There are 2 protein chains.
Amino acid sequence: MTDGVNWLTAEEQHAWRGFVRLHERLMGRLSHLLQTESHVAAADYAVLVNLTDVPEGRQRYQDLARALEWEKSRMSHHITRMIKRGLVVREDCPEDGRGAFAVITEAGREAIAAAAPLHVQAVRSLFLDHLTAAELRTLAEISARVMERLDDAPER
Amino acid sequence: MTDGVNWLTAEEQHAWRGFVRLHERLMGRLSHLLQTESHVAAADYAVLVNLTDVPEGRQRYQDLARALEWEKSRMSHHITRMIKRGLVVREDCPEDGRGAFAVITEAGREAIAAAAPLHVQAVRSLFLDHLTAAELRTLAEISARVMERLDDAPER
DNA sequence: GCCGGTCCGATGACGCGTCAACCAGTTCAC
DNA sequence: GTGAACTGGTTGACGCGTCATCGGACCGGC
């Protein structure tokens, strides 16, 4: 090592770049498909899924943000956009004067009901169908392990 | 299946969501780190790497776009931004009146020289260090295979 | 040579995410 | 209770990526 930097080997580079590209391509396809076929953007989809998972389809911005690992600012911006699209409604929180709820609307329920099968089908045909059970397991393991290390790392 | 939709199993969902989250978190960390430590955004980095890979550090927009799998519009926008930052310069193409070259500047070379070790080090410590050789291989295989299928798919 | 089709890149409008600043409501120490 | 610190959400500015559209250059057949 003449320059003291531990450069990536060909295999490492290949695997890393493959991983990055794969995600980009998959998400590109997926969000494009969702957008054109069901008029629900990927981010909208994620929020709506969270809202339908919970009784009455209402959740604090806070909790949504935590669940999706979004910044509160992003959540606030995004919900206002979703309100404009009629997917969701904002409600004040009686217990905490600062708080706010996002509540899914009927249109929101219809939108996700239409989008979900498309989404699932796409995830299968674009991704899952091409993996073996063992590969799937390895992938899940990798994700869990690396994310755990990321949480630990004081980085930043 | 009462509703005719082949919903994801718990394992499938777990693996898929893990994969997506992992990429988001990794890229978030990585680009944040590059941005704050070396003032080179991830996208800039990608362009600069391509330019340094080639003699004289000059490439057609076209070729850069193909290499990075970017839309030509994105490339055009991004290069104009990079020009403003002084990382790169635009040159007309004598052979093809429509064409344009991006040429790396001295500042561009310095920027990437500073960023590259950081980048490599981060990819290692955030990701590669936590994978076994076998896992790395599996990941590369998966990426290659799925991307191949994506190319085939007439989708869109 | 000319004309339709194609290709390269530019441009403007728009939606999205981040950052920093901010405000009002809450909590906690004292 | 009062003030300081904290928290939940908002806002505005900004950079980025996409889409649609455009203009100019190239290429093919005729």
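A note on names: the letters A, B, ... follow the listed sequences, proteins ahead of strands, and every chain is numbered from 1. Because only heavy atoms are used, hydrogens play no part in the values below, and waters and symmetry mates are left out as well, while side chains stay in. Because the structure is predicted, anything quoted here is derived from the model rather than measured.
In this structure, A:A41 and A:G97 both approach DNA chain C, and ranking their closest nucleotides by distance from the 5' end singles out A:A41. For the pair A:W70 and B:G99, nearest-nucleotide mapping onto DNA chain C gives the more 5' position to B:G99.
In plain terms, the two heavy atoms of B:L87 and B:A107 that are nearest each other are CD2-O, 4.3 Å. Residues A:L8 and B:R124 approach most closely at CA-NH2, 3.8 Å, considering heavy atoms. Looking at every heavy atom in both residues, A:L34 comes nearest to A:V40 through CB-O, 3.4 Å. Across every non-hydrogen atom of A:L33 and A:A122, the tightest pair is CD1-CB, 4.3 Å. When every heavy atom of A:R109 is checked against every heavy atom of A:E56, the shortest pair comes out as NH2-C, 4.0 Å.
A:H78 places its NE2 atom 19 Å from the P atom of D:dG12, with the value rounded to the nearest Å. Atom CG of A:L34 and atom P of C:dC16 are 14 Å apart (whole Å). The CG-P distance, from A:D96 to C:dG25, rounds to 10 Å in whole Å. Protein atom CG of A:L87 is 14 Å distant from nucleotide atom C1' of C:dG15, rounded to whole Å. In this structure, A:M27 places its CE atom 15 Å from P of C:dC16, rounding to the nearest Å. Per the geometry, NE2 belonging to A:H32 stands 13 Å off C1' belonging to D:dG17, to the nearest Å. If you take CD1 of A:I79 and C1' of D:dG8, they are 13 Å apart, rounded to a whole angstrom. One interatomic measurement links the two molecules: CD of A:E71 to C1' of D:dG12, which rounds to 15 Å at whole-angstrom precision.
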*Does the ring pair (Phe, Tyr, Trp, His ring centres under 6.0 Å) test come out yes or no for B:F101 and B:Y61, once each step is laid out?*
CA-CA 6 Å; B:F101 284 101; B:Y61 282 29; 8.9 Å; no

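Exactly one of A:H39, A:Q35, A:H78 qualifies for a side chain to side chain donor-acceptor pair (under 3.5 Å) with A:D44. That residue is A:H78.
With distances taken from any side-chain atom of B:Q62 to the nucleotides C:dC16, C:dG9, D:dT10, the minimum falls on C:dG9. Taking only side-chain atoms of B:H77, from C-beta outward, the nucleotide of C:dC8, D:dT10, D:dT18 with the closest atom is D:dT18. Closest to the side chain of A:R74, out of D:dC16, D:dG8, C:dG17, is C:dG17. When the nucleotides D:dG8, C:dC16, D:dT11 are ranked by their closest atom to the side chain of A:S73, D:dT11 comes out on top. For B:K72, counting side-chain heavy atoms from C-beta on, the closest listed nucleotide (C:dA13, D:dG9, C:dC8) is C:dC8. Of the listed nucleotides (D:dC16, D:dT11, C:dC16), D:dC16 has the atom at the smallest distance from the side chain of B:R81.
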Give each protein N/O atom lying under 3.5 Å from an N/O atom of nucleotides 27-29 of chain C, with the pair distance.
none

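Nucleic acid contact for A:Q35: none, since no nucleic acid atom lies under 4.0 Å from a heavy atom of the residue.
Note on A:L139 and A:L150: same hydrophobic cluster, where clusters join Ile, Leu, Val, Met, Phe, Trp and Tyr whose side-chain heavy atoms are under 4.5 Å apart, directly or indirectly.
In this structure, A:S76 reaches the D:dT10 phosphate: one of its side-chain N or O atoms is under 4.0 Å from OP1 or OP2. Put simply, A:R85 has a side-chain N or O that comes within less than 4.0 Å of OP1 or OP2 on C:dC16.
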